[in-house]
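So the structure is just underneath, and the comments pick up after that.
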2 protein chains.
Amino acid sequence: MSVSAAAVRTLPSGLAERLALAADLFAEHGLEATRVDEVARITGIPRATLYYYFPGKEHILAHLLSSTLDDMAERIETAAAVPGTGRERLERVLREHLAFIASHGATYRLLFAELGRAASLVDIARGVDRAIRAPLRAVLQAGVDDGSLHVLDVHAAASVVHGAVLVSGLEQLLAPSDRTTDRTDAILQVVFEGLGKERVDRRAAEDDHGH
Amino acid sequence: MSVSAAAVRTLPSGLAERLALAADLFAEHGLEATRVDEVARITGIPRATLYYYFPGKEHILAHLLSSTLDDMAERIETAAAVPGTGRERLERVLREHLAFIASHGATYRLLFAELGRAASLVDIARGVDRAIRAPLRAVLQAGVDDGSLHVLDVHAAASVVHGAVLVSGLEQLLAPSDRTTDRTDAILQVVFEGLGKERVDRRAAEDDHGH
DNA sequence: TCTATAGTTGGACGCATCGTCCAGATTCAT
DNA sequence: ATGAATCTGGACGATGCGTCCAACTATAGA
């Protein structure tokens, strides 16, 4: 039951807009619990028309998630492209990522809720890698190359940073803390400085750039 | 539609065991896409009996997730209770957490997939806080108190660490890398040392313990 | 203007699955 | 052995998905 986000017919731009209104619906109830009739009602697009453009409910969701991912990919790439050291670029990317989570909260949450699914929504899984993981690895590698970041394992670091920002960002959404304080700085502080009092030398031998 | 994990009738231990066989089913397909008939078939528990003990499918899942969480809470608490500095205890907790994710992968993934749901599975959301977040905050605070950890904001740090370990752990599951290498050390290295080349002094003013 | 084609829609249908119900079977304690 | 509690098969109504198709609308070309 692998689902591609590509619509069978090209979707008129008018419909694409109205379809976005259904994002909250999916986000709140999840894929299966969202009724196609509700999607039709909210968007004003007749049920028969939905099935004219999409093979099924899953594909409607896939389309929504996919375009959200495109948005994000663009913003992240833009942030990553601003010149600077790897470290500076990483910080921009992370701030952009946090901001994106904050603004697209519901959809973003759904992205990861439905993501784990074994075989379905395969495009989405790839999209996440393209939109977040790949740019992250790129700036991390840049930081290694220009010596502005302390990274021993780019892949592991990308996972850690991704998870840190993702979970922190989602938590800010779920727990609307009374304080309006933005925790972005606090989050980045941990990511950049780590929790240890000082650096361990466990892997010092692998540190071969002479700086 | 808020769902409590408490069964209406006390579940015979025999059934609880066989029910665990359904965990993979739920994990692979998600709540809604899992057929009750399948659960009945896999576990060998007749459908009518399932509905005799549980008000509905959601409650079956809630029970599974809830007992998985109980397992984890116990293991994490045990790891946290071993004497040592805050830092040492944190490291043990994180290793235990990663090990748990590795062994209970499917169920654990589902835990977070279904978690976001607005109103449902409320017990589960609380359970995650009890099983992971609270112990994390406790050892982080211990590290602050005994000076073994560099933590400015315990709450933010807990989110970051939780996310880092969660996403890294899940990724090890999803991407079965050809190398059998355990990435645990690499993950912890990033968490403890951070990505920065050296520590920023942005918040140095708040750093009031005389070390 | 007329007409052919493509795009769009309402509404009925078949089908799967949920959760309910209950009569009968089974187990267990006395 | 007998009654109570527990368990189970099977039928049922309700819901919601996806299909189908006839009819309606818009548009472009003659």
Side-chain angles (χ1 to χ4, degrees), chain A residues 1-65 110 114 117 119-121, chain B residues 1-22 25-65 110 114 117 119-121:
Chain A
M1 205 262 249
S2 126
V3 170
S4 156
V8 176
R9 301 163 214 263
T10 43
L11 193 67
S13 62
L15 289 200
E17 269 176 47
R18 296 156 79 191
L19 216 45
L21 297 174
D24 289 342
L25 221 53
F26 279 111
E28 188 176 354
H29 303 112
L31 169 61
E32 305 287 336
T34 301
R35 308 284 131 237
V36 172
D37 286 310
E38 269 297 285
V39 173
R41 198 181 58 77
I42 291 277
T43 62
I45 304 170
R47 218 174 79 101
T49 305
L50 288 175
Y51 279 102
Y52 178 73
Y53 284 109
F54 297 99
K57 197 168 56 161
E58 285 195 343
H59 294 256
I60 300 177
L61 175 60
H63 171 263
L64 286 174
L65 295 184
L110 187 59
E114 300 297 336
R117 297 289 183 277
S120 71
L121 299 170
Chain B
M1 213 247 260
S2 127
V3 171
S4 156
V8 177
R9 301 164 215 261
T10 42
L11 192 67
S13 62
L15 288 201
E17 269 177 48
R18 296 157 80 192
L19 216 45
L21 298 174
L25 221 53
F26 279 110
E28 187 175 355
H29 303 112
L31 169 61
E32 306 286 337
T34 300
R35 307 288 131 232
V36 173
D37 286 309
E38 270 297 283
V39 174
R41 197 180 59 77
I42 290 277
T43 61
I45 305 170
R47 219 174 76 102
T49 306
L50 288 175
Y51 280 102
Y52 178 74
Y53 284 109
F54 298 99
K57 196 167 57 161
E58 286 196 342
H59 295 256
I60 300 177
L61 174 59
H63 171 264
L64 286 174
L65 296 184
L110 188 58
E114 299 297 337
R117 298 287 183 280
S120 69
L121 299 170

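Residue numbers begin at 1 in each chain, while the letters A, B, ... track the order of the sequences.
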Take atom NE2 of His29(A) and atom C1' of dG16(D), then tell me their distance rounded to the nearest Å. 15 Å

With the side chain counted from C-beta on, respond yes when Leu61(B) and Thr34(B) share a heavy-atom pair under 4.5 Å apart, and no when they do not. no

Without decimals, in angstroms, what is the distance between Phe54(B) CZ and dC18(C) P? 15 Å

Side-chain contact check for Arg35(A): nearest option of dC17(D), dG19(C), dT8(D) is dC17(D)

Winner on side-chain proximity to Tyr52(A), out of dG7(C), dC18(C), dT6(D), is dG7(C)

Just the rounded figure in Å: distance from P of dT17(C) to CD of Glu38(B). 9 Å

Using atom CG of Leu31(A) as one end and atom P of dG18(D) as the other, report the distance to the nearest whole Å. 9 Å

Given 3.5 Å as the limit, does a donor-acceptor pair link the side chain of Arg18(A) with the main chain of Gly44(A), or not? yes

Are Asp24(A) and Ile42(A) close enough that some pair of their side-chain heavy atoms sits under 4.5 Å apart? no

Protein-nucleotide distance (Ile60(A), atom CD1; dG18(D), atom C1'), rounded to Å: 11 Å

Could you give the CG-to-P distance, from Leu61(B) to dC18(C), as a whole number of Å? 13 Å

Length of the CG-P vector between Asp37(A) and dC17(D), whole Å: 6 Å

If we ignore hydrogens and angles and just use 3.5 Å, is the side chain of His29(A) paired with the main-chain N or O of Leu25(A) as donor and acceptor? yes

Short side-chain N/O contact to dG19(C) OP1/OP2 from Lys57(B), under 4.0 Å: no

Figure out the OH/P separation between Tyr51(A) and dG14(C), and round it to whole Å. 18 Å

Please confirm whether any donor atom in the side chain of Arg47(A) sits under 3.5 Å from an acceptor in the base of dG11(C), or the reverse. no

